[in-house]
Amino acid sequence: MAAAARFWRKIPQRYNLIGTKCSACNKVYFPPRYICPVCRRAGKIEEFKLDGKGELVTYAVIYIAPRGFESQAPYIIGIVELDGGARVTTQIVDCDPKDVEIGMPVKAVFRKVNEDGESGVIYYGYKFTPMR
Amino acid sequence: MRDVAVIGVGCTKFDELWDTALRQLIVDAGRKAIEDAGITGEEIDALYIGNMSAGRFVDQEHIASLISDYAGLAASFHTPATRVESACASGGVAFRQAVMAIASGLHDIVIAAGVEKMTDVLPSETTFTLATAADQEWETFFGATFPSLYAMMARRHMHDFGTTREQLAMVAVKNHKNGCKNPNAQFQKEITIQDVLESPIVADPLRLLDCSPITDGAAVTVLCSADIAKRYTDTPVYVVGSGHATDTIALHDRISLTTLYAAVFAARRAYQMAKIEPKDINVAEVHDCFTIAEILAIEDLGFVKKGEGGKATEEGLTAIGGKIPVNPSGGLKAAGHPVGATGIKQIVEIVYQLREEANGRQVKGAEIGLAHNVGGSGGSAVIHILKR
Ligand SMILES: [Zn+2]
């Protein structure tokens, strides 16, 4: 069982897609980074809010779910490239797996991500849905 | 820098070994390796032990001390021992630490070992622990599983290169066929393409028979400075190349989803050190934790062009008797995958191959072999090239 700080520490990122941007090279990082891998110490990291629109790069359909996700299976997990170039691993929801394809435009929505069985704690964050 | 040789190897059976504790597994494999090398405990200068997660799997940390102790070395000789962790690449990285310790001149005779005891906890706990090799905050938190990361690589490989579902299955079919000839393999049973395609879906497009199993096991190698190797054996196997590399821990941060650049860079470094090219390799053990992983591996190692791994597998290039036999031991898929032990087991198999002791799975005339060991979804990789 993890202490609560581990989760609330990441609320700005997981709730509002707050990432970082290196103002030296303009590269956007999500999740946030503390050092720019391109410029390293010469870089200047600033907060940056992503608009949550992107494109599906790849995906899988999970039938054997990890704990806390059992009731959601089967569900789609994907990698989304956000406008600005940062990529995230996320669930793709509100659609049937057979309608999903690589290259599909998607957008972020705020949802319940998983439930911690023993304590009843519910974790929230982004998922993505097809843009229609 | 001194040249390094492998003078002894040993391995337990890989299986669900309910009766055997972690400390016994490693002692069983160690005894075989020591006897194979013909050394005494007193001659051992140091131990490096690859292990991913004894803490989660058997609630035991500090296993370097435990293993030195139960090997009978700690109380008698106070032998230095170091645990090495790099997820599923822990064994290969431990081997590299042993190589470096000898090459540097610090030590003369060193043990490189690997062990994992995975069946002392419920399967759900085992899969959770394996997934800790991925980014816990930005991959698994959102519901990604370890198989799903490789499934996403498979999907993209199929999309970009036309790799087929059947070609993925052919990797498992080949490795099961090889495993039948390996008495230490967890599965010694042939399967068909149909069996793979009809097995339960784990993370589409990957099914159960695309995945390596949960396994207990240990593997041990004895290394020494090449100039003293002939004192111990007539058939030393020389470590001519060693390469190690990292990449981003999260799959989504990589510049490619169909190339493991950690493996590409580790291979480049190992080939450069050995002064050889991919075409010079006669036999390889690669990290087929999932069927797609073997296809990526043979591409990343330069055996075939990027995108042609599926086709090469279909054409039999990687079968025993093919141009570049891959995973004669049965690989992780059929021989089993006790994560920390896997990288060492790969070395053990290559040593058997180069000493022509691989019996029914022998690659005829193999002189140069390669072991390719990957951590997580490709956040680390370590590659060794051995020559007889
Ligand atoms: Zn920068």
Side-chain angles (χ1 to χ4, degrees), chain A residues 2 6-7 9-10 13-14 19 29-33 37 54 56-82 85-93 97-98 100-103 111-117 123-128, chain B residues 121-132 134-161 163 199-208 210-211 214 246-258 290 292 377:
Chain A
R6 178 165 146 189
F7 298 98
R9 192 191 302 142
K10 288 177 283 285
Q13 297 102 48
R14 287 180 180 161
Y29 297 108
F30 188 92
R33 285 184 179 269
L56 187 63
V57 181
T58 188
Y59 68 97
V61 188
I62 294 180
Y63 282 72
I64 301 191
R67 62 184 183 216
F69 292 85
E70 295 91 339
S71 65
Q72 301 181 51
Y75 60 89
I76 304 161
I77 195 90
I79 292 177
V80 169
E81 180 160 327
L82 298 161
R87 288 181 172 187
V88 294
T89 296
T90 177
Q91 281 191 43
I92 307 298
V93 293
K98 70 176 189 310
V100 174
E101 55 183 13
I102 288 174
R111 293 288 165 85
K112 181 173 89 178
V113 173
N114 86 23
E115 280 172 63
D116 197 305
Y123 300 113
Y124 293 91
Y126 50 80
K127 293 184 178 181
F128 280 69
Chain B
V121 288
L122 295 172
S124 62
E125 185 61 28
T126 307
T127 53
F128 179 86
T129 298
L130 291 172
T132 64
D135 188 330
Q136 284 285 83
E137 297 191 348
W138 302 105
E139 291 181 308
T140 50
F141 174 84
F142 292 94
T145 59
F146 205 61
S148 73
L149 298 176
Y150 277 92
M152 289 196 283
M153 294 185 225
R155 172 97 54 198
R156 191 71 212 197
H157 203 276
M158 295 161 93
H159 175 268
D160 290 357
F161 304 115
T163 304
S199 64
I201 306 174
V202 174
D204 184 68
L206 297 183
R207 290 170 180 265
L208 188 63
D210 289 296
C211 309
I214 289 168
T246 55
D247 203 341
T248 65
I249 186 164
L251 176 65
H252 57 234
D253 280 329
R254 312 247 176 91
I255 55 170
S256 167
L257 298 174
T258 53
F290 299 92
I292 180 64
S377 64

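Order of the sequence lines sets the chain letters (A, B, ...), proteins ahead of strands, with each chain counted from 1. Since we're looking at a predicted model, the values are computed, not measured.
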> Most heavy-atom pairs under 4.5 angstrom with chain B, which of A:Q91, A:K127, A:R14, A:E81?
A:R14

> Looking only at heavy atoms and a cut-off of under 4.5 Å, which of B:L208, B:D253, B:L149, B:V202 has the most pairs with chain A?
B:V202

> Which distance, rounded to the nearest 0.5 Å, do you find between the CE of B:M152 and the CD1 of A:I76?
12.0 Å

> Please identify, among A:I62, A:V57, A:V113, A:N114, the residue contributing the most non-hydrogen atom pairs under 4.5 Å to chain B.
A:I62

> Any sub-3.5 Å donor-acceptor pair from B:H252's side-chain atoms to A:T89's backbone N or O?
yes

> Look only at the side chain of A:Y59 and the backbone of B:A151, and say whether a donor-acceptor pair between them is shorter than 3.5 Å.
no

> Where is the tightest heavy-atom contact between B:F141 and A:F69, given as atom of each residue plus distance?
O-CZ, 3.2 Å

> For chain A, which candidate among B:E139, B:E137, B:E125 shows the most heavy-atom pairs at distances under 4.5 Å?
B:E137

> Where on B:I201 is there a heavy atom nearer than 4.5 Å to chain A: the side chain, the backbone, both, or neither?
both

> Grab the two heavy atoms, one from A:R87 and one from B:R254, that are nearest each other, plus how far apart they are.
NH1-O, 4.0 Å

> With a 4.5 angstrom heavy-atom cut-off, is it the side chain or the backbone of A:R9 that approaches chain B, or both, or neither?
side chain

> side-chain contact (heavy atoms from CB on, under 4.5 Å), that's the test. Do A:I64 and B:T145 meet it? Break it down for me.
CA-CA 9 Å; A:I64 301 191; B:T145 59; over 6 Å; no

> Taking only heavy atoms into account, what residues of residues 154-161 of chain B are found under 4.5 Å from chain A?
B:R155, B:R156, B:H159

> With rounding to the nearest 0.5 Å, note down the distance linking OG in B:S148 to OH in A:Y75.
7.0 Å

> For the pair A:F30 and B:W138, name the ring-plane relationship: parallel under 30°, tilted 30 to 60°, perpendicular over 60°.
perpendicular

